[in-house]
Peer 1: 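Quick one: the structure is below, questions incoming.
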Amino acid sequence: MSIWSIGLTDKHVIKYNNGNHYDGYFVDGNQHGEGRMIYTDGAEYNGNWNNDKRQGKGNYKWANRDEYQGDWKNNNREGKGQMKYANNDLYFVVWKNDKREGTGGLYYGDWKNDKREGIGIMKYSTGNLYNGDWKNDKQEGKGLLQYDDGNQYDGDFVNGEMHGIGKFTWADGNYYYGDWKNNQRTGKGRFKQIDGNEYEGDFVNGEMHGIGKFTWADGNYYYGDWKNNQRTGKGRFKQIDGNEYEGDFVNGEMHGIGKFTWADGNYYYGDWKNNQRTGKGRFKQIDGNEYEGDFVNGEMHGIGKFTWADGNYYYGDWKNNQRTGKGRFKQIDGNEYEGDFVNGEMHGIGKFTWADGNYYYGDWKNNQRTGKGRFKQIDGNEYEGDFVNGEMHGIGKFTWADGNYYYGDWKNNQRTGKGRFKQIDGNEYEGDFVNGEMHGIGKFTWADGNYYYGDWKNNQRTGKGRFKQIDGNEYEGDFVNGEMHGIGKFTWADGNYYYGDWKNNQRTGKGRFKQIDGNEYEGDFVNGEMHGIGKFTWADGNYYYGHWKNNKRTGKGRFKSIDGNEYEGDWVDDKRHGNGEYRFANGQKQYGKWQFDKKV
């Protein structure tokens with residue numbers, strides 16, 4: 001009773017010296033009946049009072065927002081009441097001397113000393129439901145905890161936490177069975193997913209950590225070290241297609257040093273980074289091919305040596321699985337290339353040396369000698385100039401071991417186009433070439449100064465041409481296979497000339513032979529001699545017409561002199577021989593037999 005409430009009866013509002021505030025009924029100065037008390041600590045009671053004590057039905061709210069609604073006796077919760085905590089936990093329970101006792105809810109189960117102990121069911125304000133063992137107001141022993149999201153745990157509890165052995169099943173059907181510690185999967189366990197994936201092994205704080213085996217739904221599996229849910233450490237990854245990796249892992253990726261073996265038997269051993277072959281390594285194929293060197297992102301990249309099964313090898317730069325940069329390619333047959341490569345091909349500048357000692361140095365394109373280069377043979381022959389697709393093509397100079405050389409156009413390894421062929425004996429040709437032969441129009445000059453200018457075919461003077469000798473002789477006309485053949489004119493240095501048919505360098509056929517002394521022959525020739533039928537006219541006007549043999553009048557013929565005398569008949573070796581008729585200028589005739597230019 002407060003000094004301020006002495007003798008009060010009925011409803012009053014009183015503020016006490018301690019700061020409490022009461023609004024309600026009094027009887028003889030005591031709080032009695034319905035009333036509301038607001039405490040200085042922030043608590044509040046609204047309900048029945050009896051002689052200054054909370055008694056009967058009432059609602060008490062603590063400053064921390066906990067709230068009790070139910071029966072009171074002597075200022076204590078006593079009887080049936082509902083306790084709602086600030087965390088929204090709610091209890092319907094029997095109270096005695098301000099403590100829970102007996103059975104009540106939303107916890108239904110055993111109590112001891114105001115604490116849940118024994119077996120009980122707790123429905124939390126979150127919707128979670130626990131059914132199992134309790135000790136000292138906490139879940140301890142065996143129990144089933146069902147979450148409002150559909151997840152559930154069935155197993156051991158210690159001090160209110162999942163601890164021991166238990167099975168946690170997610171709403172989607174995934175589950176974990178194994179060891180627990182402090183609400184975390186820690187120890188040995190098995191995690192099974194509805195998609196077929198499965199892990200069995202060590203766990204720490206809810207993560208795969210330690211040693212374990214993860215099997216994918218497709219049958220692939222990993223066995224080895226784990227850290228924080230990632231494959232980290234030593235391990236083996238086996239695929240159902242037969243591929244396999246054994247070695248280091250970091251954060252779920254092949255990282256460090258390891259060996260990857262393909263189903264076909266090929267394997268790689270070496271450095272890995274982020275699931276890629278990166279660093280130093282060796283790639284061995286079952287066909288016998290092998291690479292050892294640098295890798296980047298799974299590709300041969302950097303410096304390395306590739307050895308083929310047949311023994312050929314390449315050592316040098318690589319880029320994106322291709323020989324690119326500087327390198328050396330050595331073949332077991334003795335051939336060797338050293339120089340630039342692009343995308344696996346000889347490309348740039350390099351030297352190719354054949355097993356026999358021949359070599360080429362110069363430009364390359366797509367594995368072919370293309371550009372400027374020099375081809376040197378051990379027999380002393382040498383070419384320097386343009387190449388296309390591995391052949392001498394363009395402009396270049398070929399020098400033979402004996403000193404002869406050609407400079408000019410090339411096509412498909414052949415002298416084709418314009419060029420000059422110079423021999424050490426002094427002979428020289430300048431003109432057209434086709435397929436390595438003098439062909440077209442050109443001039444051939446002999447060391448002695450003679451020259452030919454005209455048509456060529458297959459290395460032979462064939463067609464129209466002019467042959468000029470330093471002694472002054474000259475031929476102009478047709479040639480076949482290097483010989484005067486056809487129709488042409490031969491002029492001697494002294495001015496004599498022949499015009500007519502030629503065969504195999506000989507005057508053969510019809511022709512005319514004109515001498516500067518005025519003598520002239522026109523008729524048949526054979527092998528350079530007057531042979532057949534022809535007319536020889538002397539400078540003085542005398543002439544002979546008839547048969548010739550080996551440059552002599554032989555056979556039937558007629559000799560006419562300018563004095564009017566005339567013989568017609570047989571001839572042998574330029575003499576009248578045989579039967580004939582001599583006609584005099586005065587008209588007389590004499591017929592008879594002649595022998596060696598005399599009448600008999």
Side-chain angles (χ1 to χ4, degrees), residues 358-363 369-493 497-499 502-507:
N358 295 339
Y359 72 84
Y360 166 84
Y361 179 81
D363 297 326
R369 292 168 290 170
T370 297
K372 301 292 186 184
R374 180 187 182 205
F375 177 56
K376 177 74 173 173
Q377 296 173 283
I378 57 169
D379 59 12
N381 295 341
E382 179 177 341
Y383 171 83
E384 189 164 1
D386 297 328
F387 285 80
V388 174
N389 293 329
E391 297 183 326
M392 297 174 285
H393 194 102
I395 297 176
K397 179 180 181 181
F398 192 101
T399 304
W400 281 264
D402 57 12
N404 295 340
Y405 71 85
Y406 166 83
Y407 178 82
D409 297 326
W410 292 79
K411 185 176 181 182
N412 302 329
N413 268 344
Q414 298 286 356
R415 291 167 290 170
T416 297
K418 302 292 186 183
R420 181 187 181 204
F421 176 55
K422 177 73 173 173
Q423 296 174 283
I424 57 169
D425 59 10
N427 294 340
E428 180 177 340
Y429 171 82
E430 189 164 1
D432 297 328
F433 285 81
V434 174
N435 293 328
E437 297 183 326
M438 297 173 285
H439 194 103
I441 297 176
K443 179 179 181 181
F444 192 100
T445 305
W446 282 264
D448 56 12
N450 295 339
Y451 71 85
Y452 166 82
Y453 179 82
D455 296 326
W456 291 79
K457 185 176 181 181
N458 302 329
N459 269 342
Q460 299 286 356
R461 291 166 291 171
T462 297
K464 301 293 187 183
R466 180 186 181 204
F467 177 55
K468 176 73 172 173
Q469 297 174 284
I470 58 169
D471 59 10
N473 295 340
E474 180 177 341
Y475 170 82
E476 189 165 0
D478 296 328
F479 285 81
V480 173
N481 293 329
E483 296 183 327
M484 298 173 285
H485 193 102
I487 298 176
K489 179 180 181 182
F490 192 99
T491 304
W492 281 264
Y497 71 84
Y498 166 83
Y499 179 82
W502 291 78
K503 185 176 181 181
N504 302 329
N505 268 342
Q506 298 287 353
R507 292 166 290 170

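Since the structure is predicted, the reported quantities are computational estimates derived from the model, not experimental observations.
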Peer 1: Looking at Thr462 and Lys457, what are the two nearest heavy atoms and their distance?
Peer 2: CB-CB, 3.8 Å

Peer 1: State, to 0.1 Å, how close Asp455 and Ile441 come at their nearest heavy-atom pair, and which atoms those are.
Peer 2: OD1-CG1, 3.6 Å

Peer 1: Quick test of your reading of the model: are Asp386 and Lys372 salt-bridged, counting only N-O distances below 4.0 Å?
Peer 2: yes

Peer 1: What's the spacing between Asn504 CG and Glu483 CD if we round to 0.5 Å?
Peer 2: 4.5 Å

Peer 1: Is the NZ or CZ atom of Lys397 both under 6.0 Å from the centre of the six-membered ring of Tyr405 and within 45° of that ring's axis?
Peer 2: yes

Peer 1: Check the angle between the aromatic planes of Tyr406 and Phe433 and answer parallel, tilted or perpendicular using the 30° and 60° thresholds.
Peer 2: perpendicular

Peer 1: For the CD atom of Gln469 and the CG atom of Asp471, what is their distance to the nearest 0.5 Å?
Peer 2: 4.5 Å

Peer 1: What's the separation between atom CG in Asn473 and atom CG in Asn450, rounded to the nearest 0.5 Å?
Peer 2: 9.0 Å

Peer 1: According to the interplanar angle, ranging from 0 to 90°, do the rings of Trp502 and Tyr475 count as parallel (below 30°), tilted (30 to 60°) or perpendicular (above 60°)?
Peer 2: perpendicular

Peer 1: Taking atom NZ as the centre, does Lys422 end up with more than 12 heavy-atom neighbours from other residues, nucleotides or ligands that are less than 6.0 angstrom away?
Peer 2: yes

Peer 1: Test the Arg415-Phe421 pair against the cation-pi criterion, namely NZ or CZ under 6.0 angstrom from the six-membered ring centroid and within 45° of the ring axis.
Peer 2: yes

